[in-house]
Number of protein chains: 2
Amino acid sequence: MTEDDDRVFKALADPTRRFLLDLLHARDGRTQSELEGELAMSRFGVAKHLKVLEEAGLVVTRRVGREKLHHLNPVPIRLIHDRWIDKYTEPRVAALTELKAQLESEE
Amino acid sequence: MTEDDDRVFKALADPTRRFLLDLLHARDGRTQSELEGELAMSRFGVAKHLKVLEEAGLVVTRRVGREKLHHLNPVPIRLIHDRWIDKYTEPRVAALTELKAQLESEE
DNA sequence: TTGACATGTGACCAGATGGTCACCTATTCT
DNA sequence: AGAATAGGTGACCATCTGGTCACATGTCAA
């Protein structure tokens with residue numbers, strides 16, 4: 001339980017892994033080699049990162065023949081949100097976040 | 001911008017720092033020495049962790065005399081959420097998360 | 001004003017992390 | 001069957017990270 005979310009946070013701590021999640025968010029169900037093509041890194045590095053994401057439950061995989069398809073699982077991310085933002089403060093935080101985005105886009 | 005969120009994710013990667021956020025979520029505006037009392041660690045360790053949280057923007061501080069008061073800032077956490085959960089999928093993810101919590105509480 | 005209290009800084013060390021490589025297995029295509 | 005493709009494993013190394021300590025500054029109370 002506590003170790004579970006430790007894996008999630010540790011997985012999110014690396015920029016390459018976050019980029020992999022971005023890729024899957026843009027288009028789900030990619031193979032490992034397809035993802036390798038998007039990164040300037042050896043396939044071993046990418047495979048290692050995907051393994052970390054999978055063990056954290058942020059990515060779910062399905063094997064088809066010799067290929068492995070990767071899907072994004074957003075539930076752990078929602079749980080991060082819910083840990084420090086409760087139902088009552090949520091609307092206020094959402095408004096603040098919106099405001100921040102607006103201010104930054106005006107520059 | 002990208003470095004900004006790198007600091008946020010790196011800050012969240014450590015269990016001690018997450019616990020400090022939990023403490024501030026339960027009660028805001030604590031001093032550093034008050035937080036030290038909650039942890040089995042030297043004051044230097046705690047101070048270092050608080051500095052990381054502050055530089056990530058997850059904690060905001062205010063100095064009063066010789067004391068330093070700490071407040072939780074939830075906006076960066078909301079931004080993590082919004083990065084991978086868009087408005088359209090949000091209700092579905094929220095429902096799934098709810099379901100997951102229910103199933104786990106039934107055990 | 002002197003001593004206790006709250007916090008800050010830089011050096012240092014053990015252990016964790018990110019990345020690469022050599023080598024291996026399983027599946028598909030011709 | 002043989003070659004090419006997709007992916008997996010364990011060792012190895014440079015660097016980052018978490019924690020401690022000696023020392024220092026600013027603030028409050030008697």
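Computation of the quantities below employed the complete heavy-atom set of this structure, encompassing side-chain atoms and omitting hydrogens, waters and symmetry-equivalent molecules. Per chain, numbering begins at 1; letters A, B, ... match sequence-line order.
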Given [options], which nucleotide is nearest the side-chain atoms of [X]?
| X | options | answer |
| --- | --- | --- |
| Asp14(B) | dG18(D), dC23(D), dG8(D) | dG18(D) |
| Glu67(B) | dA22(C), dA6(C), dG7(D) | dA6(C) |
| Met41(B) | dT20(D), dA24(D), dG18(D) | dT20(D) |
| Arg66(A) | dT28(C), dT7(C), dA4(C) | dT28(C) |

Arg92(A), CZ atom: more than 12 neighbouring heavy atoms under 6.0 Å: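 No, because the 6.0 Å sphere around CZ of Arg92(A) holds 12 heavy atoms or fewer from other groups.
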Whole angstrom is fine here: how far is it from [atom1] in [X] over to [atom2] in [N]?
| X | N | atom1 | atom2 | result |
| --- | --- | --- | --- | --- |
| Leu12(B) | dT17(D) | CG | P | 14 Å |
| Leu39(B) | dG19(D) | CG | P | 9 Å |
| Arg43(B) | dC23(D) | CZ | C1' | 10 Å |
| Arg18(A) | dT17(C) | CZ | C1' | 15 Å |
| Phe44(A) | dA22(C) | CZ | C1' | 8 Å |
| Glu55(A) | dT17(C) | CD | C1' | 14 Å |
| Leu35(B) | dA6(C) | CG | P | 13 Å |
| Arg7(A) | dA16(C) | CZ | C1' | 16 Å |

Start at the 5' end of DNA chain C and walk down; is the nucleotide closest to Gly45(A) or to Gly65(A) reached first?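 Going by which nucleotide is closer to the 5' end, it is Gly45(A).
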By nearest heavy atom, map Ala40(A) and Ser33(B) onto DNA chain C; which one lands nearer the 5' end? Ser33(B)
Between the base of dG18(D) and the side chain of Arg17(B), is there a donor and acceptor pair under 3.5 angstrom? no
Can you say whether a donor on the side chain of Lys51(B) sits under 3.5 Å from an acceptor on the base of dG8(C), or the other way round? no
Distance from Glu104(A) atom CD to Leu99(A) atom CG, nearest 0.5 Å? 10.0 Å
Test your reading of the model: is there a side-chain donor-acceptor pair from Arg30(A) to the backbone of Leu35(A), 3.5 Å cut-off?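 Not confirmed, Arg30(A) side chain does not pair with Leu35(A) backbone.
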In terms of side-chain heavy atoms, does Thr31(A) have a donor or acceptor partner in Glu67(A) at a distance below 3.5 Å? no
Check this one for me: any side-chain N or O of [X] less than 4.0 Å away from OP1 or OP2 of [N]?
| X | N | result |
| --- | --- | --- |
| Lys48(B) | dT17(D) | no |
| Ser42(A) | dG19(C) | no |
| His49(B) | dG19(D) | yes |
| Arg63(A) | dT27(C) | no |

Using a 4.5 Å cut-off on heavy atoms from C-beta on, say whether the side chain of Asp86(A) contacts that of His25(B). yes
